[in-house]
Amino acid sequence: MCVTGVGSGLGKALSLEFLSRGHRVIGVARSRDAFSHFEPHESSKSFVPCIADLTELSATRSAIERACAEWGIDVLFNNAAIYPKSGFLEVSIDEWFSAIEVNVGGVAACCHAVLPFMIDQKFGRIYNVGSWADRTPIENSSGYATSKGGLHALTKAIAADIEALDMDIEIHEWIP
């Protein structure tokens, strides 16, 4: 199983829970520092760190492909996300686009890299961590809300393509 954004929050919690249940977890994060909380745990032998910055799409693809080839991935949790908390007129357009790049582009890169392996093994599950932010945006959330709307549409579009394959592969938006 692979979880992105394991450095903190939900990604860290998911990874630790999966490890406690005996799963091997390939944890994806931007830097080696993000993996420090896995080292003291007895289950760390089942934790495989994978450094990838989701804004570097070709590097992300390479990291996921390498993980698939070396360890196999039957479940992918696309959890990594950024949330620039600024009003639309205050946020830099570069920061705004970063939310789209990570929250949609990074997810697309991970899905695109893992799906050929899932097709070869005729099984796979992908969970894209979504949000209600696109359906009911709040103040200072335009980049995040827009990206989560894109993630919702991306998940539905990939699901339609996968369904046509008639294999035991599923993709879902999971809103915790």
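- For the salt bridge (Lys or Arg N to Asp or Glu O under 4.0 Å) condition, no pair includes a residue of residues 92-109, sequence neighbours left out.
- Listed by chain and residue number, nothing satisfies the side chain to side chain donor-acceptor pair (under 3.5 Å) test with Asn79 (two or more places apart in sequence, or in another chain).
- Counting heavy atoms from C-beta on, the side chains of Met118 and Ile126 come closer than 4.5 Å.
- Residue pairs meeting the salt bridge (Lys or Arg N to Asp or Glu O under 4.0 Å) criterion with at least one member in residues 108-127, sequence neighbours excluded: Arg125-Asp168, Arg125-Glu170.
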(message) Using the rule given for side-chain contact (heavy atoms from CB on, under 4.5 Å), can you reason through Val25 versus Ser46, listing the C-alpha separation, both sets of side-chain angles and the distance that settles it, and then say yes or no?
(response) CA-CA 6 Å; Val25 174; Ser46 297; over 6 Å; no
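- The two residues Val6 and Ser15 come nearest to each other via the heavy atoms CG1-OG, 3.2 Å.
- Each ring pair (Phe, Tyr, Trp, His ring centres under 6.0 Å) pair with one or both residues in residues 132-171, not counting sequence neighbours, appears once here: Tyr83-Tyr144.
- Between the CG atom in Asp53 and the OG atom in Ser31 there is a gap of 9.5 Å [rounded to 0.5 Å].
- Once rounded to the nearest 0.5 Å, the distance linking NZ of Lys12 with NE2 of His37 reads 5.0 Å.
- Using cut-offs of 30° and 60° on the angle between ring planes, the pair Phe18 and His23 is perpendicular.
- For His112 (side chain) and Val107 (main-chain N/O), no donor-acceptor pair under 3.5 Å exists by modelled atom type.
- The distance from the CD1 atom of Ile93 to the OG atom of Ser98 is 10.0 Å, given to the nearest 0.5 Å.
- At least one side-chain heavy atom of Leu154 sits under 4.5 Å from a side-chain heavy atom of Val104.
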Check: residues 63-76 side-chain donor-acceptor pairs under 3.5 Å, at least two apart:
| unit_1 | atom_1 | unit_2 | atom_2 | d |
| --- | --- | --- | --- | --- |
| Glu65 | OE2 | Arg61 | NE | 3.0 |
| Glu65 | OE2 | Arg61 | NH2 | 3.2 |

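- Side-chain contact check for Thr146 versus Asp134: every heavy-atom pair is 4.5 Å or farther apart.
- A donor-acceptor contact shorter than 3.5 Å is absent between the side chain of Ser142 and the backbone of Gly87.
- In this structure, Gln121 places its CD atom where more than 12 heavy-atom neighbours from other residues, nucleotides or ligands lie under 6.0 Å away.
- Cluster membership for Ile100 and Leu89, using ILVMFWY side-chain heavy atoms within less than 4.5 angstrom, is shared.
- At a threshold of 4.5 Å between non-hydrogen side-chain atoms, the residues Phe35 and Ile51 count as touching.
- Nearest heavy-atom pair, Val28 versus Cys2, reported as atom, atom and distance to 0.1 Å: CG2-SG, 3.6 Å.
- The closest donor-acceptor contact from the side chain of Thr136 to the backbone of Ala133 lies at 3.5 Å or more, if one exists at all.
- Judged purely by atom type and a 3.5 angstrom limit, Thr60 has no side-chain atom pairing as donor or acceptor with the backbone of Ala109.
- Between Ala34 and Ala29, the closest heavy-atom pair is CB-CB, 3.4 Å.
- Under a hydrophobic-cluster definition in which Ile, Leu, Val, Met, Phe, Trp and Tyr are linked whenever side-chain heavy atoms come within less than 4.5 Å, directly or via other members, Val3 and Val102 are assigned to different clusters.
- Nearest heavy-atom pair, Asn103 versus Ser147, reported as atom, atom and distance to 0.1 Å: ND2-OG, 2.9 Å.
- Note on Val114 and Ile119: same hydrophobic cluster, where clusters join Ile, Leu, Val, Met, Phe, Trp and Tyr whose side-chain heavy atoms are under 4.5 Å apart, directly or indirectly.
- For the residue pair Glu173 and Thr155, the shortest heavy atom distance occurs at N-CG2, 3.5 Å.
- From Ile158, atom CD1 reaches atom CD1 of Ile169 across 12.0 Å, with rounding to the nearest 0.5 Å.
- Considering only heavy atoms from C-beta on, Ser36 stays 4.5 Å or farther from Phe38 through its side chain.
- Sequence neighbours left out, not one pair with a member in residues 144-161 passes salt bridge (Lys or Arg N to Asp or Glu O under 4.0 Å).
- In this structure, Leu151 and Gly130 approach most closely via the heavy-atom pair CD2-CA, 3.8 Å.
- Between Leu10 and Pro176, some side-chain heavy-atom pair lies under the 4.5 Å cut-off.
- Exactly one of Ile171, Ile162, Leu165 qualifies for a side-chain contact (heavy atoms from CB on, under 4.5 Å) with Leu115. That residue is Ile162.
- Neither Ile82 nor Leu57 shares a network with the other; the hydrophobic side chains, linked directly or stepwise wherever heavy atoms of I, L, V, M, F, W or Y lie under 4.5 Å apart, form separate groups for each.
- Residues Trp174 and Asn128 are not in side-chain contact: their nearest non-hydrogen atoms beyond the backbone lie 4.5 Å or more apart.
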